[in-house]
Amino acid sequence: MNIFFLIILIFFSGAILSFIINKIAPKFSGITTFITIAVVVFLFFTQIEINSITQFSLGGIQMQFGVNNYTYIFAILVLGLSLLASLYSIKYMQNNDRLGYFYSNFILTVTGMLGIIFSRDFISFFIFWEIMTWSSYLIVLYNGKHSSKSGMKYMIFSAIGAYAMLTAIVSIKGSYGTFIISDAIQQGAFNFSENIYIPIMLLIGFAVKAALMPLHVWAPNAYSKSPMSFTSIFSGAMSKMGILGMGLVLASVYSQTTNDNTFSVLVLKQVLGWLGGITAVMATIYALIQTDAKKLLAYSSVAQLGYIIVGLSTGTKLGVMAALFLAVIHAVFKGALFMVAGAVEKQVGTTDMTKISGLIRKMPFTFFTALVSIIALAGIPPLGGFVGKWMLYEALITESNNYFLVIVIFFSSTAAFLYSYRFLFGLFLGQEEKETEHVKEAPVTMIIPMVILALILIVTGAYPGILFEPIAHGMHYLGFSDVNWDMSVLVNVWGEESNMAYINLSIGVVFVVVFLFLTIKGYKGTKNVGTKDISTSGEIPTENENLTFQLDFFKPFERAAAPLYKRSMDKIWNDLGNALEAIFDFTRRIYTGNGQTYALFVIIFLVILLIFKNTLFTN
Amino acid sequence: MVITPIHYIIVPLIAAFAIPLISKIHKELYRIVPGIVMFYNIIISFVLMKEVNEVGYISEIIAGWEAPWGINLIITPFSGFLVSLISVLGFLIWLYQYRFKKVIDVGEIKSYGIMQMLMITGAIGIIITGDIFNLFVFMEIVAITAVSLTSFYRGRDGAEAGFKYLLIGSFASAMVLLAILILYTQVGTLNMAEISERMHLVPQGIKATILILFIVGFGIEAELFPLNGWAPDAYSQAPGPTSAAFAGIVVKAGIYGLIRIIFTLFDIDGAFDFLIIAGLVTMIIAEFSAVKQTNLKRMLAYSSIGQMGLVLIAFGIGTKEAVFAALFLMFNHAIIKSLLFMTGSILMYNSKDKTILSIHGIAKKLPYVSILFAIGSFAIVGLPPFSGFWSKLYILTAAANKEMILLIIAILAVSIVEIVYYFRVVSKLYFAEDTEHIEIFKPSINSLIAMGVLAITIIVIGVYPDLITGYLHNAADMLLDKTSYIKFVLNNNVQIQ
Amino acid sequence: MQEEFNEIFLKYHEIITLGVYGTAIGLMLIGLYAILTKKNLVKIVIGLSIFDAGIHLLFVGIGYVKGGTAPIFSPGYENAGNRMVDPVPQALVLTAIVIGFAVTAVALSLVIRLYKHHNTAKIDQIKSLKW
Amino acid sequence: MEDLGLKIFGAILTTILGFVVGMTYGGIVRKLTARVQNRYGPPFYQNFLDLLKLQFKKTNIAHGFMGHMAPVWIIIAAVTVLMFIPILNGHLWFPNLSFHGDLIFLLYMMVFGSLGMALGAGQTGNPNSAIGVTRGLSQMVGYEIPFVLSLVALMIQYKTTSVQDLTQIQHETGVWLAVANPFAFLAALMASLGMFRYSPFDIVGAPAELASGPVSEFGGKYLGTMMSGGAIFSFIKLTLYVHLFLGGAGNPEKTGIIAILIGLGILLIKTFILYMVPVFYGWINPRYRTEQAIRYFWGWPTALGIIGVLWAVY
């Protein structure tokens with residue numbers, strides 16, 4: 001049997017199986033999910049060879065399955081992350097109800113993502129896209145009635161995106177007579193000189209999943225409301241499906257445009273870039289006023305996706321490379337961070353940072369993961385995040401002369417330090433509360449995935465080349481010639497380089513020296529104290545004195561940046577929604593309920609038709 | 001004994017008169033006999049479908065008068081497809097309602113099965129008859145039975161809905177009668193094939209008038225806006241099985257009449273553009289009004305009207321693939337909407353006051369019904385991998401091939417609205433703090449089977465649509481070339497004595 | 001006797017036909033008026049049947065052929081095949097009348113039930129189903 | 001092999017230089033401030049004495065892991081950054097890694113230390129520390145904008161992102177970048193006011209209300225290490241400015257001991273003058289609140305920076 005069909009089949013049967021098993025023994029539902037995904041991962045990396053195409057036909061439509069170098073990047077990302085997430089969620093979801101529901105949708109979502117990666121034609125692409133969408137929608141609903149509104153928002157926006165995509169797809173069929181993606185690209189379906197609205201429609205469709213302004217409003221709620229073990233792939237992997245599509249479309253748009261309409265492409269670049277930049281800034285400043293860790297992470301996801309889109313919008317070699325690199329890295333650290341939030345939620349019961357603090361001593365491994373991921377998120381060397389950021393800035397400065405966009409990005413990533421610190425402090429540092437004294441470290445099956453992700457971040461920081469290799473192949477597929485990369489040296493087009501090896505060397509040496517110095521010197525004299533043993537400007541605080549500082553964390557910044565907080569996209573969308581509801585309510589008043597009125601309608605209709613019959617019915 | 005189309009008509013009629021007599025023997029026969037008849041219909045359909053796929057047409061002469069003088073029943077792949085669909089649905093609906101009535105205290109359970117059966121017979125007659133006045137008669141049979149079924153429950157406002165239906169329905173019959181009248185004065189025959197043969201003799205203005213009268217007449221049955229005022233009331237007030245039958249069967253018959261008239265009898269191009277416009281308006285207004293409904297069945301009714309609008313649009317596009325898509329959509333709508341009405345009426349029956357608000361979180365108590373309803377909603381809004389997706393896709397493709405981008409956008413925008421109100425219900429069904437319910441009436445096993453069959457069909461077709469696309473393509477071809485139809489009917493080369 | 005009857009008839013043929021058509025149209029309009037304006041359910045039903053009657057009359061009128069005879073081969077009219085009245089409309093009218101009767105019957109039964117249910121026969125007060 | 005030896009020697013030499021210079025400047029400023037405020041003030045080598053006292057304290061209070069790591073991170077950041085900026089235009093006695101890193105790397109590396117400090121301060125559980133940290137971070141968001149604007153202006157004006165090359169250019173053309181792009185220089189200068197956290201931007205430390213803010217809970221070896229780190233940082237900033245805008249110091253070709261001393265002298269003079277700017281500004285200004293500070297930085301400095309970028313483009 002064909003390997004692609006086999007994988008899809010395994011997934012579907014796994015979904016059904018986990019649903020049924022939950023009825024018998026809820027414990028094993030999660031394990032089934034994990035095994036299913038593990039089997040698929042094994043099959044994928046052993047059986048599938050890249051660039052192999054499988055032809056088949058469904059409903060009279062020619063379809064193709066296959067994996068190419070570009071989608072391979074995302075395949076790694078999706079499979080790895082969902083494997084870890086499913087392992088994580090065994091303990092995390094333990095003793096919830098509706099486990100079968102959750103896990104079957106979990107598998108279906110992964111199926112959708114992998115199917116998107118497999119499909120080389122628009123129809124199967126769309127089918128899997130929709131499967132991914134509605135299964136994830138069902139999981140967003142999972143947490144009960146509080147999340148049904150945000151779930152609806154998510155579904156509506158996804159539908160808008162998906163249908164924009166479908167419009168483009170069918171009109172590609174209409175004008176080029178093919179559903180095969182590569183054929184469509186060769187015939188110039190994404191060529192601005194041929195037609196301008198097909199690529200735009202497709203981009204809109206992908207932008208929704210990639211949470212780009214102004215279509216991002218679903219994201220914060222949907223991310224924060226669904227269970228964390230799912231959000232780690234929701235934000236980590238699924239948003240990258242949008243990036244996948246955008247990358248594909250943009251690459252062919254840029255490569256195929258002829259000279260006579262470079263202007264429209266320029267406009268597209270600027271619009272996309274600025275939208276991405278604004279997304280990054282707004283999401284960041286909204287992230288740093290959140291008090292719920294999950295909400296904070298959700299907003300930060302949106303911001304990070306903004307960077308990625310900026311990178312894609314440049315269309316230059318370094319920019320796209322940065323975007324893809326950031327996409328992978330973001331999947332890793334954001335997956336880890338949501339797992340951290342989930343672990344805290346599982347152990348403490350809430351992620352509201354005004355209620356909990358000082359967990360570092362209770363949950364050291366979780367803290368370690370959080371620390372590493374946050375460093376990567378903030379883009380501080382020597383971790384992977386820095387590599388991506390570096391490439392992004394270099395691309396913006398040196399290749400696409402988009403200087404003020406650089407400032408916007410830099411502003412948002414500087415402000416990102418604020419919420420990064422907010423996250424770490426709010427959950428792990430600060431005073432230790434009485435309420436959280438009983439808290440233990442999360443169970444080991446939750447720790448393992450987190451720590452693995454953290455280690456991945458460290459390694460990719462030291463040797464980004466590990467990721468450059470597949471990315472370079474993928475970019476070659478996208479049509480970028482001679483993408484050169486080195487295991488640990490970053491070079492921009494001006495020849496300036498940033499050598500991670502030296503950086504790591506220097507950091508490592510100093511670290512060892514100073515750490516030993518500090519630890520050994522006066523070791524006996526060093527005594528560890530708790531967080532209550534502090535001197536607030538001289539006097540010793542009493543026992544019941546409140547020393548917790550969590551509320552209005554960045555009030556000064558809020559005051560300073562007040563104008564930025566004034567108008568929010570959500571409000572605009574809500575007004576639009578209310579207006580539509582009013583229209584709907586008005587429309588149904590046509591059916592007055594009086595039989596005579598209906599009869600009158602009939603007669604009027606008849607008369608009108610008879611009057612206009614000669615204009616209406618002529619041959 | 002060889003099976004011929006006439007059995008569709010004869011057997012139910014005989015049964016209808018026989019049931020009161022034979023049920024003196026045992027009361028259960030009231031319920032069982034219609035089921036047997038429905039099942040026999042299925043047998044007929046499959047035999048005839050097999051035959052029709054071998055020889056293009058089947059015609060039956062009634063009372064030995066050859067066409068065009070006598071009345072004759074004609075089965076083309078198109079009508080044969082619809083007839084088999086209706087027969088199967090009719091049987092499933094019977095299966096669904098078999099024990100349904102026990103829990104509802106209604107005296108004249110006797111008449112219910114009979115009328116349901118007669119209504120289905122009428123619908124089948126509309127589809128297979130080759131004689132236009134005969135078509136009118138069957139339409140009247142459907143109308144009268146439908147009205148009396150609508151007003152079946154004494155408790156509710158059934159009578160009101162029924163009266164509205166009857167008022168508008170009698171308009172429909174009058175229009176059709178007038179149209180037939182004028183047509184007869186022009187062409188002097190009632191046989192459809194011959195009419196369409198002689199249609200070119202008719203002057204343009206009169207032709208248009210006839211067409212308009214037909215459109216209004218059948219448009220009322222086909223829930224065309226603004227002729228569909230009766231529909232929401234009737235759907236929401238009729239008993240569950242009947243609403244399912246309306247959505248799956250009666251409307252299909254109406255659409256069939258409209259399409260048969262426009263495609264076979266007339267050669268007016270403007271009619272197609274008119275279909276697109278009318279369908280668009282119908283769809284938009286219906287879907288918009290569906291959003292704020294509080295009664296689930298009423299909401300479903302509006303959605304059903306909207307789907308009919310989509311069907312009309314697809315027919316109006318008029319290309320071969322569009323007609324194919326329209327047939328596919330009719331098929332989908334028949335099975336999906338019947339499923340939705342079956343499940344929905346059970347949900348409504350369990351709600352305190354027939355509102356959506358009072359079935360929040362009922363999924364814990366009625367897991368199977370809820371999940372079936374969810375499947376139905378997913379399918380009707382056209383999410384893959386359910387069957388609704390394919391028909392929508394084909395329609396859009398057909399529209400795109402004629403470069404009707406605005407039409408595509410309109411259809412998709414409306415489907416977003418559809419998603420909104422269906423998913424609202426589904427999410428409330430599962431994830432809402434449950435309001436207290438009256439004692440839950442669990443659906444009996446046979447109704448579960450009926451609904452399950454429909455749901456499985458939806459999924460199977462969705463995963464592997466090739467199962468029926470062959471028949472549909474065949475039917476679409478036959479619908480589109482009327483010359484062979486005429487040639488066949490007027491000198492019948494294939495006959496069954 | 002038959003002959004002179006025909007004479008008279010043929011003389012006034014035009015007027016009669018006009019009269020028939022006029023009556024038919026008039027009946028239909030009256031029925032329509034009743035349906036659309038009267039509030040009482042019974043009156044609306046009556047309007048319906050008047051409307052039907054109009055259509056039926058139209059049918060019969062159209063079926064008539066000038067100087068035609070009854071569509072029966074009776075002694076003395078063996079060669080009347082070409083000048084007999086078209087039988088089809090009359091057959092149709094019979095059917096239509098039966099149907100109209102059935103419809104009226106159902107309608108009246110519904111009216112009774114509505115009156116019991118709402119204690120009124122005014123159609124614009126029976127609007128519990130709307131929107 | 002002796003190349004490596006030279007490198008190590010140079011690295012250590014650079015570190016010591018930075019440390020000493022930073023501490024001394026700090027002492028001098030304390031003295032001068034005292035005089036301005038009409039006090040006698042400590043001697044200029046007071047900082048060294050403080051450091052010794054701290055380092056030789058018998059007992060130290062450790063506030064857990066991050067508290068232990070904070071000084072380490074500060075030193076890491078300080079020394080690493082020091083390694084990646086040119087001293088004396090990259091003289092071979094002070095061989096640094098500045099060919100292997102560029103401005104953006106430096107920008108991000110500088111944050112490393114403050115993040116470590118912030119985390120350490122956070123773990124102590126002293127609310128004052130946390131408040132100080134939040135103020136510090138907010139203020140950083142303020143002054144980074146004009147600073148980056150000016151840097152971007154330089155980068156695009158000279159099509160390079162490497163400090164080394166910028167210094168080289170000035171050395172060859174002889175034109176200081178402060179002259180070549182004055183707006184960028186002004187923006188950077190005003191940003192530096194915030195960086196040094198002297199009054200009016202000293203609300204982070206806020207000795208009166210916050211008990212010296214983030215560091216309030218640190219003592220002994222920890223505080224000492226932090227102090228040395230901070231000293232090196234102030235030297236770093238000065239040297240960076242000098243090499244970016246003020247034409248650097250010294251002449252890499254001349255390897256004689258004299259040349260080096262001259263170069264060092266020039267470097268010291270330039271850095272001291274530069275160091276005086278925030279100090280003077282602080283003497284004559286009262287303290288800003290955080291939001292005022294941020295608004296200040298987003299006002300004229302940012303405008304100047306934008307003008308600088310435009311100047312660079314056209």
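Per chain, numbering begins at 1; letters A, B, ... match sequence-line order.
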Heavy-atom proximity to chain A below 4.5 Å, by part of [X]:
X         : value
Ile285(B) : both
Lys164(B) : side chain
Lys402(B) : neither
Phe163(B) : neither
Phe171(B) : side chain
Val426(B) : neither
Ile215(B) : side chain
Leu167(B) : side chain
Glu287(B) : neither
Ile220(B) : side chain
Val291(B) : side chain
Tyr464(B) : both

Given side-chain contact (heavy atoms from CB on, under 4.5 Å), test Leu412(B) with Met165(A) step by step and report yes or no. CA-CA 11 Å; Leu412(B) 290 176; Met165(A) 201 190 302; over 6 Å; no

Between Glu130(A) and Phe389(B), does a side-chain contact (heavy atoms from CB on, under 4.5 Å) hold up when you go through it step by step? CA-CA 10 Å; Glu130(A) 285 292 73; Phe389(B) 164 70; 5.7 Å; no

Among the listed options [options], the residue most often paired with chain A at heavy-atom distances under 4.5 Å:
options                         : answer
Tyr302(B), Tyr165(B), Phe225(B) : Tyr302(B)
Leu396(B), Thr469(B), Asp233(B) : Leu396(B)
Pro385(B), Ala374(B), Ala172(B) : Pro385(B)

Rounded at 0.5 Å granularity, tell me how far CZ in Arg588(A) sits from CZ in Arg298(B).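 It is 8.5 Å, given to the nearest 0.5 Å.
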
Interatomic spacing from OG1 in Thr397(B) to CG in Leu166(A) - rounded to 0.5 Å: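 Answer rounded to 0.5 Å: 8.0 Å.
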
Close side-chain approach of Met201(A) to Ile409(B), heavy-atom, < 4.5 Å: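 Yes, close enough: below the 4.5 Å cut-off.
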
Side chains of Leu58(A) and Pro465(B): closer than 4.5 Å at any heavy-atom pair?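 Result yes, sub-4.5 Å side-chain heavy-atom pair found.
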
Part of [X] lying under 4.5 Å from any heavy atom of chain B:
X         : value
Ile172(A) : neither
Ile61(A)  : side chain
Ile603(A) : side chain
Phe128(A) : neither

Around [X], counting heavy atoms of other residues, nucleotides and ligands shown, do more than 12 lie under 6.0 Å from its [atom1]?
X         : atom1 : answer
Tyr471(B) : OH    : no
Tyr197(A) : OH    : yes
Phe12(A)  : CZ    : yes

Using the rule side chain to side chain contact (heavy atoms under 4.5 Å, CB included), only one of Ile416(B), Ile419(B), Val381(B) pairs with Met155(A); which is it?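 Of Ile416(B), Ile419(B), Val381(B), side chain to side chain contact (heavy atoms under 4.5 Å, CB included) with Met155(A) is met by Ile419(B) alone.
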
Measure centre to centre between the rings of [X] and [Y], then say whether the value is under 6.0 Å.
X         : Y         : answer
Phe586(A) : Phe288(B) : no
Trp230(B) : Tyr598(A) : no
Phe584(A) : Tyr421(B) : no

Please report the closest heavy-atom contact between [X] and [Y], naming both atoms and the distance.
X         : Y         : answer
Ser171(A) : Ile405(B) : CB-CD1, 3.9 Å
Asp466(B) : Ser57(A)  : OD2-O, 4.3 Å
Ile212(B) : Leu609(A) : CD1-O, 3.4 Å
Leu141(A) : Ser427(B) : CD1-CB, 3.7 Å
Gly382(B) : Tyr163(A) : O-OH, 4.5 Å
Tyr430(B) : Arg98(A)  : O-NH2, 3.2 Å

With under 30° as parallel and over 60° as perpendicular, where do the rings of Phe386(B) and Trp134(A) fit, or are they tilted in between?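 Ring orientation of Phe386(B) relative to Trp134(A): tilted.
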
Find the one option among Ile127(A), Thr587(A), Ile604(A) whose heavy-atom pairs under 4.5 Å with chain B are most numerous.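 Between Ile127(A), Thr587(A), Ile604(A), the count favours Ile127(A).
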
For the interface with chain B, which of Asn594(A), Thr133(A), Ile583(A), Ile123(A) has the highest count of heavy-atom pairs at distances below 4.5 Å?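 Answer, by heavy-atom pair count under 4.5 Å with chain B: Ile123(A).
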
Side chains of Asn228(B) and Tyr591(A): donor-acceptor distance under 3.5 Å anywhere?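 There is such a pair (donor and acceptor under 3.5 Å, judged by atom type) between the side chains of Asn228(B) and Tyr591(A).
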
Thinking salt bridges, do Arg424(B) and Glu581(A) make one under a 4.0 Å N-O criterion?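 Salt bridge present between Arg424(B) and Glu581(A).
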
Go through it in stages, so that I can follow the logic: the residues are Phe423(B) and Tyr137(A), the test is ring pair (Phe, Tyr, Trp, His ring centres under 6.0 Å), and I'd like the CA-CA distance, side-chain angles, deciding distance and then a yes or no. CA-CA 10 Å; Phe423(B) 279 30; Tyr137(A) 159 75; 5.2 Å; yes

